[in-house]
Visitor: 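Quick one: the structure is below, and I'll ask about it shortly.
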Amino acid sequence: MNMTLSRGRTAGFDTPTEGLGVEEWDRLAGDHLYATSGWLDFCVDDPGGRTLTGNVHARLPGGTAAVPVTAVWEENNGFYQWSRLLSQAGLTAAAPQGLLVGPRRGYQTNLLISDGLDRTEGASALLDELADLRRRAVADRLFDYGRADQLPCRAMFMNSTDVRALRAAGVRAEPVLCAADAWIRTEGEDWHGWMRTLPSKRRGELIRRDQRRFDSAGYHFSELPLSECYEEAARMSQGTQARYGQPADVAVLAESLRVQAEAMGDAARVLMCARKDGPPVGFLLFYRWGDATFLKGAGFHYDQLVDVAEYFNLVYYEPVRDALRHGRRWMHAGIASTDTKAMRGAEVRPLWMLDVFGDATDNDTIRAYNAAQLRELTESSTAVAKAVVEDEWLEFC
């Protein structure tokens, strides 16, 4: 449990779904995997950092609005350290402790608003609840701040639709770009039908070449629940993290995967890749959820690979086939490696950080930073430039 203070000192942090209950919460979460009660339970117990996971919510005449909230004293995941992002963007610094609007894992934050409830109305009610939570957190001395207006409150990894709702509800600060998020459409009657949806002949040729090389090496896939293979997955994950300069303790990785398996049950699936009669050389952790397949993590024993596009076949092509077999319209490929994903048919959308109670002081600098990031992204490759969904970006650049 990631905390040093006893739970419940401030209402809102007794349980992740406090005040609504698991069933009502999950109805609101719907297809948003990283807002579900199971995922929030994982966030509570995932090792690393000192945090509490809770929520704010509001019942209105037209329905209910809710959003997860995390009290952060220490966060070990650099992507969730808002002070690091602000420094990178050349913006006014903020203390690293405070309230994170959203879960602390998954790189997705969604406002959960009932069908039929106006999104701006729901967002406005959530702002009121967040302001009240901030006041109570300071009054109950959860943080070492003398006044509520000193306590940072940042939404992170939020999509443009929800940013627009919060801005329309009164948030004054412009959003800061957190990351580029990749979604691959998985439409078509079968694999060949999906290949015909790719935006260029070159991409289809690239994929067919990758597949021919992979098939010739005699690889095959098997699927397991994460609960049955998290230790082996952790060993491969350690190899991948070390390869990219992020060394990690295999015991910590295994505990994180074990906690995730416990929280998510059989929904947490693992695709193992191996050659005939050989041990696994790679894994992909994924979820079939709503109308999408969500890719969550991968790892490899690199010294056992034979350089036949194992990564692309395991992490992209087979999950696309799986999504087509199960009638899912999207594959969420997540952040980072944007060019690789664009070359395999992804659409690229922004994820934002929003200073919920900030003023407009830095707005010009924020927009300039966002514009520079977008320009760098689109100039990185022709594939990325074509993949960027401009309507999701330009309003804040």
Visitor: So, are E24 and R59 salt-bridged, with charged N and O less than 4.0 Å apart?
Guide: yes
Visitor: For T17 and L20, indicate whether the former's side chain and the latter's backbone hold a donor-acceptor pair under 3.5 Å.
Guide: no
Visitor: Only counting residues at least two apart or in another chain, list the ones meeting ring pair (Phe, Tyr, Trp, His ring centres under 6.0 Å) with W194.
Guide: W191
Visitor: If hydrophobic clusters are built from ILVMFWY residues whose side chains come within less than 4.5 Å, do L28 and L166 share one?
Guide: no
Visitor: Looking at Q211, I'd like to know if its CD atom is crowded, meaning that more than 12 non-hydrogen atoms belonging to other residues, nucleotides or ligands lie closer than 6.0 Å.
Guide: yes
Visitor: Is any side-chain heavy atom of R213 less than 4.5 Å from a side-chain heavy atom of D307?
Guide: yes
Visitor: Tell me, which pairs form a ring pair (Phe, Tyr, Trp, His ring centres under 6.0 Å) where one or both residues lie in residues 222-243, sequence neighbours left out?
Guide: none
Visitor: Between R288 and D322, does any NZ, NE, NH1 or NH2 come within less than 4.0 Å of an OD or OE carboxylate oxygen?
Guide: yes
Visitor: In Å and rounded to the nearest 0.5 Å, what is the OG to CD distance from S83 to Q97?
Guide: 10.5 Å
Visitor: A side-chain contact here means heavy atoms from C-beta on lying under 4.5 Å apart; do V176 and F396 qualify?
Guide: no
Visitor: Checking the side chain of E121 only, and the main-chain atoms of L117 only, is there a donor and an acceptor separated by less than 3.5 Å?
Guide: no
Visitor: Would you say that L85 contacts F79 through its side chain, given a criterion of any heavy-atom pair below 4.5 Å between the two side chains?
Guide: no
Visitor: So, for M195 and G204, which heavy atoms are closest and what is the spacing to 0.1 Å?
Guide: CE-O, 3.6 Å
Visitor: How long is the span from the CD atom in E75 to the CD atom in Q81, to the nearest 0.5 Å?
Guide: 7.0 Å
Visitor: Could you tabulate the donor-acceptor pairs under 3.5 Å formed by side-chain atoms of residues 271-285, not counting sequence neighbours?
Guide:
from, atom 1, to, atom 2, distance (Å)
R275, NE, A217, O, 3.1
R275, NH2, A217, O, 3.4

Visitor: Go through the side-chain N and O atoms of N55 and H57 and say whether any donor and acceptor fall under 3.5 Å apart.
Guide: yes
Visitor: Ring-plane angle category for W330 and W183, please: parallel below 30°, perpendicular beyond 60°, tilted otherwise.
Guide: perpendicular
Visitor: Decide yes or no on side chain to side chain donor-acceptor pair (under 3.5 Å) for D26 and T36, but give the supporting numbers first.
Guide: CA-CA 6 Å; D26 283 339; T36 60; 5.0 Å; no
Visitor: Stepwise, does the side chain to side chain donor-acceptor pair (under 3.5 Å) test hold for Y317 with D210?
Guide: CA-CA 9 Å; Y317 310 148; D210 285 346; 2.6 Å; yes
Visitor: Provide the closest heavy-atom pair for W393 versus V348 in the form atom of the first, atom of the second, distance.
Guide: NE1-O, 3.2 Å
Visitor: Quick one: do R328 and D291 make a salt bridge, cutoff under 4.0 Å?
Guide: no
Visitor: Of the non-hydrogen atoms in W352 and C397, which two are nearest, and what is the gap between them?
Guide: CH2-SG, 4.5 Å
Visitor: Mark yes or no: R105 above the aromatic ring of F42, with NZ or CZ under 6.0 Å from the six-membered ring centre and no more than 45 degrees from the axis.
Guide: no
Visitor: Side chains of R344 and R203: does their closest heavy-atom pair fall under 4.5 Å?
Guide: no
Visitor: Could you work out, with side chain to side chain donor-acceptor pair (under 3.5 Å) as the rule, every residue matching R135, not counting sequence neighbours?
Guide: none
Visitor: Using a cut-off of 6.0 Å, state whether more than 12 heavy atoms not belonging to R325 lie near its atom CZ.
Guide: yes
Visitor: Do you reckon V69 sits in the same ILVMFWY cluster as I113, going by side-chain contacts under 4.5 Å, direct or chained?
Guide: yes
Visitor: For residues L127 and G170, report the shortest heavy-atom separation together with the two atoms involved.
Guide: CD1-N, 4.5 Å
Visitor: Can the ring centres of Y107 and Y34 be said to be less than 6.0 Å apart?
Guide: no
Visitor: Quick one: does any side-chain atom of E129 pair with a main-chain N or O of A125 as donor and acceptor, under 3.5 Å?
Guide: no
Visitor: Nearest 0.5 Å please: distance from the CD atom of E392 over to the CG atom of L351.
Guide: 10.0 Å
Visitor: Under 4.5 Å between any side-chain heavy atoms of V67 and L112, yes or no?
Guide: no
Visitor: Shared ILVMFWY cluster between V306 and F214, side chains joined below 4.5 angstrom?
Guide: yes
Visitor: With a 4.0 Å cut-off, would you call E205 and R212 a salt bridge?
Guide: no
Visitor: Quick check: are there more than 12 heavy atoms from other residues, nucleotides or ligands sitting under 6.0 Å from CD of Q88?
Guide: yes
Visitor: Would you say L111 and W25 are hydrophobically clustered, going by side-chain heavy atoms of ILVMFWY under 4.5 Å?
Guide: no
Visitor: Are any non-hydrogen side-chain atoms of R154 and L99 less than 4.5 angstrom apart?
Guide: no
Visitor: E18 side chain to F13 main-chain N or O, any donor-acceptor pair under 3.5 Å?
Guide: yes
Visitor: Look at the aromatic rings of F312 and Y316 and report parallel, tilted or perpendicular, splitting at 30° and 60°.
Guide: parallel
Visitor: Answer yes or no: are there more than 12 heavy-atom neighbours, outside D359 itself, under 6.0 Å from its atom CG?
Guide: yes
Visitor: Side chains of residues 296-303: which donor-acceptor pairs under 3.5 Å do they make with residues two or more places apart or in other chains?
Guide:
from, atom 1, to, atom 2, distance (Å)
H301, NE2, E232, OE2, 2.9
Y302, OH, T240, OG1, 3.1

Visitor: Look up atom NZ in K201 and atom CG in L198, then write down how far apart they are to the nearest 0.5 Å.
Guide: 13.5 Å
Visitor: Crowded around D190 CG? As in, over 12 foreign heavy atoms under 6.0 Å?
Guide: yes
Visitor: If the threshold is 4.0 Å, N to carboxylate O, is there a salt bridge linking E174 and R167?
Guide: yes
Visitor: How far apart are the closest heavy atoms of P103 and C43, and which atoms are they?
Guide: CB-SG, 3.9 Å
Visitor: If we only count heavy atoms from C-beta on, is the V388 to L377 side-chain gap below 4.5 Å?
Guide: yes
Visitor: Which side-chain hydrogen bond (donor to acceptor under 3.5 Å, both in side chains) pairs, counting each pair once, include a residue from residues 371-383, with sequence neighbours left out?
Guide: D339-S381
Visitor: Decide if the gap between the ring center of F143 and the ring center of W73 is smaller than 6.0 angstrom.
Guide: yes
Visitor: Is it true that atom CH2 of W289 has more than 12 heavy atoms of other residues, nucleotides or ligands lying nearer than 6.0 Å?
Guide: no
Visitor: Could you check whether any side-chain N or O of R134 sits under 3.5 Å from a backbone N or O of A148, counting only pairs where one atom can act as donor and the other as acceptor?
Guide: yes
Visitor: Any Lys/Arg nitrogen of R119 or D162 sitting under 4.0 Å from an Asp/Glu carboxylate oxygen of the other?
Guide: yes
Visitor: Classify the side-chain pair Q108/N159 by whether it contains a donor and acceptor separated by less than 3.5 Å.
Guide: no
Visitor: Quick check on the hydrophobic clustering: are M158 and L177 connected, directly or via other members, by side-chain heavy-atom contacts under 4.5 Å?
Guide: yes
Visitor: Could you check whether E189 pairs with R196 (Lys NZ or Arg NE/NH1/NH2 to Asp/Glu carboxylate O, under 4.0 Å)?
Guide: yes
Visitor: Mind checking whether T53 and W39 have side chains closer than 4.5 Å, heavy atoms only?
Guide: no
Visitor: Give a yes or no answer on whether the side chain of N76 reaches the backbone of R50 with a donor-acceptor pair at less than 3.5 Å.
Guide: no
Visitor: Kindly give the heavy-atom pair with the smallest separation between A263 and G38, and that separation in Å.
Guide: CB-O, 3.3 Å
Visitor: Drop me the distance from E223's CD to E318's CD, to the nearest 0.5 angstrom.
Guide: 9.5 Å
Visitor: Hey, what do you get for CG (D362) to CZ (R367), rounding to the nearest 0.5 Å?
Guide: 14.0 Å
Visitor: More than 12 heavy atoms of other residues, nucleotides or ligands under 6.0 Å from CG of D128: yes or no?
Guide: yes
